[in-house]
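What follows is a set of notes on a single structure, which appears directly below.
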Amino acid sequence: MSKTIKSGIAMVKVLEDWGVDHIYGIPGGSFNSSMDAFFNERDRIKYIQVRHEEVGAIAAAADAKITGKIGVAFGSAGPGATHLFNGLYDAKMDHVPMLALIGQVGADTMNTDYFQEMNENPMFTDVAVYNRTVMTPESLPHVVDQAIKHAYKEQGVAVVTIPVSLGWEDIPDTFESTAASYRVNYSQPAAKDVAEALRLIEAAKHPILYIGLGAKGATEEVETFAKMYKLPIASSALAKGIVPDDNPAYLASAGRVATKPSVEALQNADLILFMGSDYPFANYFFDPKATFIQVDIDNTKFGKRHRTDLPILADVKATLQALIAAGTEQPETGWYKANLANNQNWHDWVETMSKDTKSPLRPEPVFAQINRIAKKDAIFNIDVGNVTIDSLRFLKMNPKQRFTTSGWFATMGYGLPASIAAQLSYPDRQVFSISGDGGFAMVAQDLITQAKYHLPIINVVLSNNSFGFIKAEQDDTKQSHYGVDIADADFGKVAEGYGVKGFTVRNYQELMFAFNFAKTATEPVVIDVKIADERPLPVEQLQLDPEKFDQAAIDKFNDTYQSQDLVPFSQYLKEFEK
């Protein structure tokens, strides 16, 4: 007699083959056969009980961003499934592999308008690269195996709906997953493209290197080539940390979630070496006349954001290695020196602001404390809003650290769930969630999850009683402020109610005390810092240059943003390009 296995257990063993070691969700009647299978395999896959399925889905997406491995979450039929959507769209739009397992009523009650029954496949049509309902017990492990493969191949969301009755059925124990045979191969650059890229760069007067997440793992190559060709380096916000913030040529990102030197450099660049990015705001912040060399493994990206003069279908790291091998050392230019000086001026200004101890606090001294206690391999999980701007500008990162946020979908409430994923995947590393009070309130209930699993996460909340990012947009469109003021909450006390050590910080002394505690904490901590409701410096709307603005406008801008010490980039260009 042939050996048999429960279909649900066979499915879980497929997850194990693909390296999945934890999964997020909340049980429900329509998912109980899978829960039974997870119980059977509990020594190999850890079930993480979240308190909202949205948190589980965002955590699964963050798992994929942080580790590169597929993240897995589940929801029961009906409301459990619909609660997953924020996390699923975050994974879809940030192009990371994720698997969602969806409960369904038993096969014998499907299509009878049964309790919580929904026709679930159409719901997931837009978000998923693979979307199937399992029809037989024998096909369950096969469908999940295929789903994972599609999620990796297309860097997106795979959805598998499982009628609850199927997982308890016995099937022949013969299925073998395809995990061991899965391969990835990236294109190498053509020699003629490498030669042409070098020719264009050498001919340019104001060249710049712009990197996205495609440059992950290529820190050494990015820094070597940029130094070799004397290129200032800009990046997407999501690529923060690939190049250390103390590299004098690293200007960070352009746009609104950005720095002054990066915005100004990209406005003046006549050649952009654009590598491994799909930056959506290029039309606004890149000179449309600039020569554009684009390197990507996806040829649908060429010309999508900017006219492409030289497309190179290849891996970023391999392309940089080829450029370094074929290139020759270039002398420093006035353009390069001007960017270094402009960047130093920016960092000096940030340092000055970080020493401001008045109450209510500015964000800079808060980030100075984060930087002070952060370990060399810390993982920072950043929520959405003004906190994204502040984190991009003020975190001092190195390539051993990690920075994640909800980049394209930009869902508020990302930071706390992502921190759970980071701490579970890397239990020996220091993990931060950094949130505004608006985003934190959306997911604060899952402090219970941090406490339940003893995850020593440092949760920093910047509370200004405002949806500040949207408030600034209302200002920019000449609107009245409406719907952007939010009620105050004491998240230090909230944390204590959830079993987490909490601090409510209103002055610099309390700030120091809270971070000194957090530095050695072995359980989760919440530090709720009451900051001023002030708009971050709008680097995309600078009014500093006397060649463009009258003195009254400049004085008003400086009074509003304390930007008197910031030097217009045009002055550095004049000084160094004589």
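- Taking the centre of each ring, Trp408 and Tyr89 stay at or above the 6.0 Å mark.
- Checked against a 6.0 Å centroid threshold, the rings of Phe281 and Phe286 do not count as neighbours.
- Both the sub-6.0 Å distance and the 45° axial angle are satisfied by Arg132 relative to the ring of Tyr130.
- The closest side-chain donor-acceptor pair between Thr404 and Asn381 falls under 3.5 angstrom.
- Residues meeting the salt bridge (charged side-chain N to carboxylate O under 4.0 Å, His left out) test with Asp170, sequence neighbours left out: Lys6.
- Ser139 and Thr136 share a side-chain donor-acceptor pair at under 3.5 Å.
- Taking the six-membered ring where tryptophan is involved, the planes of His52 and His83 are tilted, since the angle between them lies from 30° to 60°.
- With sequence neighbours excluded, the residues satisfying salt bridge (charged side-chain N to carboxylate O under 4.0 Å, His left out) with Asp94 are Lys65.
- Residues forming a ring-ring contact (aromatic ring centres under 6.0 Å, His included) with Phe292 (at least two apart in sequence, or on another chain): Phe274, His306.
- A salt bridge is defined here as a Lys NZ or Arg NE, NH1 or NH2 lying under 4.0 Å from an Asp or Glu carboxylate O, and Asp245 with Lys240 meets this definition.
- Ring geometry for Tyr210 versus Tyr279: interplanar angle of 30 to 60°, hence tilted.
- Annotation: Tyr47 is not in aromatic contact with Tyr24 [ring centroid separation under 6.0 Å not met].
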